[in-house]
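Below, all heavy atoms of this structure are taken into account, side chains as well, without hydrogens, waters or symmetry copies.
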Amino acid sequence: MPKVFQFAKVLIPKLITWSLVSIAAFGAYFLYMQWTEQPWTRDGQIRADIVKIAPQVSGNLVKVAVRDNQFVHKGDLLLEIDQSSYQLAVNKARVAVDQAKEEVASLEASVRVSAANYEEAKVSVTTASRQISSAEASVQSAKASVDQMKAGVTSAQQFIKQRKAELSNAHSEAARAKRLVEKKAGSVEDAESTAATAIAKEAQLASAEAGLIQAQASQTQSEAALNEAHVNFLLAKDGLSESKAAETSAKASLDQAKANLGMSGDENVRVRTAMVSLAQAELDLSRTKILAPCNGYISNLSVDEGTYAVVGQPLIVIVDSDTFRVHAYFQETKLRHIEDGDSAVITLMSHPDRPLKGFVENIGNAVNPPNIANTEGQPGEVPQIQPTFDWVRLPQRVPVRIRLSEVPDDIQLISGTTASVAVLLPDKE
């Protein structure tokens, strides 16, 4: 029995030692596996979009409608810039629109006048063409009348020659009859008859000569009428040329008036330009009131009435309350266990006893690690890589974006505060 007790006295301490070693080894292995495999990190932050609001017009602030850390809704008035100069610009732009419309109306009237003048010129050309046709007909008629009068003169001349011959013959017969009477070889009646015939022939000759004079006068009158018809024809040709020139000038004036006008009414470039200027002035006027672009909290407000607002320089900052999320920075060795949509538990450092629920929205695709090798090199040269002498290579941390499912009303999220994040594996849920 003493030997048994002695053996037990030696064995039991060794068993206890080996048991403790085994438990410690198992615990160390469990902690190691949990550290390396379990998707959990204390390196998390509450994040939200920070909206910097800068004025789009310059001027003195006449109203600051919010206070620091105030919650505002989208569309709420934040700041107001003095509107005086911008209202004057709107009034001036409206006057410019009215002037442009009046100018267009005047140009449209000019187009109508030019169009009427052009139509009148075309009518004048048509009238002048008809006058030429009439003048040509008059010339032809006058030529025919002249030819007819010339024929009448020629006929009268032939008739006079015939009457002269008959008169000469009558004189001869009368002289012969007289001689016969004187010789008592003829009767007195025959002598008187032949003398009367001669007298009649003289009268006929006088009448024919009068007819010739009348025919010559008619020929002269017809020739004068022909000359007048020629003159009228030339005048008509000149009138046609002038009418055509006036038509061409009227057409050019109409084209110029149309070119000066361009489009009619509100489609005219003058009106559209003035309307654009008016729209810009009204837009600038509306921009004197700076409204909240989103729901959120005013942060670090440091402006007051009288501050001069400059275009592009931020005056106010809003923390967008609709974009609160968690950025959890997991070691790259744990990313293989995380997938989009996995459930997550978020523990805020400010509320360690109030875990929040969320889910993995996405995993970052790039990080900028320290001491990154420069592989670009100089142009035409191979890259120069600096050696790394670290014995232990630490895993890089990659941002994982966590979307919060619900947040109690009594918990205030503050961008930049710390949180711990655990991603629940499917078999751990």
message = When you measure from the side chain of Ser155 to the backbone of Ala151, do you find a donor-acceptor pair of N or O atoms at a distance under 3.5 Å?
response = no
inquiry  = Tell me which pairs pass side chain to side chain donor-acceptor pair (under 3.5 Å) where either residue lies in residues 409-424, with sequence neighbours left out.
reply    = Arg354-Asp410
request  = State whether the number of non-hydrogen atoms from other residues, nucleotides or ligands found under 6.0 Å of Gln214 atom CD is greater than 12.
outcome  = no
request  = Decide, yes or no, whether a salt bridge links Glu102 with Arg270 under the criterion of side-chain N to carboxylate O below 4.0 Å.
outcome  = no
ask   = So Asn295 and Asp322, side chain to side chain donor-acceptor pair (under 3.5 Å) or not? Walk me through it.
value = CA-CA 7 Å; Asn295 300 325; Asp322 296 330; 3.2 Å; yes
ask   = Quick one: do Asp98 and Arg94 make a salt bridge, cutoff under 4.0 Å?
value = no
Partners meeting side chain to side chain donor-acceptor pair (under 3.5 Å) with Asp284 (sequence neighbours left out) = Gln280
message = Using every non-hydrogen atom in the two residues, find where Pro355 and Val345 come nearest and quote the distance to one decimal.
response = CB-CG1, 3.8 Å
ask   = Are the side chain of Ser129 and the backbone of Val125 linked by a donor-acceptor contact shorter than 3.5 Å?
value = yes
ask   = Is a side-chain donor-acceptor pair under 3.5 Å present for Asp43 with Thr41?
value = no
salt_bridge(Glu247, Lys244) N-O dist < 4.0 Å = no
inquiry  = Would the distance check show the side chain of Ser249 and the main-chain N or O of Ala245 forming a donor-acceptor pair, the cut-off being under 3.5 Å?
reply    = no
request  = Keeping the roles fixed (side chain from Asn268, backbone from Lys101), state whether a donor-acceptor pair exists under 3.5 Å.
outcome  = no
request  = Would you check if the side chain of Lys357 reaches a backbone N or O of Glu406 as a donor-acceptor pair within less than 3.5 Å?
outcome  = no
task = Output yes when Asp49 and Arg325 qualify as a salt bridge under the 4.0 Å nitrogen-oxygen rule, no when they do not.
result = yes
request  = Look at the side chain of Glu332 and the backbone N and O of Pro395, then say whether any donor-acceptor pair between them is shorter than 3.5 Å.
outcome  = no
ask   = Who pairs with Gln87 by side chain to side chain donor-acceptor pair (under 3.5 Å), at least two apart in sequence or on another chain?
value = Asn91
message = Does any part of the side chain of Val400, heavy atoms only, come nearer than 4.5 Å to the side chain of Leu335, both counted from C-beta?
response = yes
ask   = Above 12 or not: heavy atoms from other molecules or residues under 6.0 Å from CZ of Arg403?
value = yes
message = Quick check against the 3.5 Å criterion: does Ser141 have a side-chain atom that pairs as donor or acceptor with the backbone of Ala137?
response = no
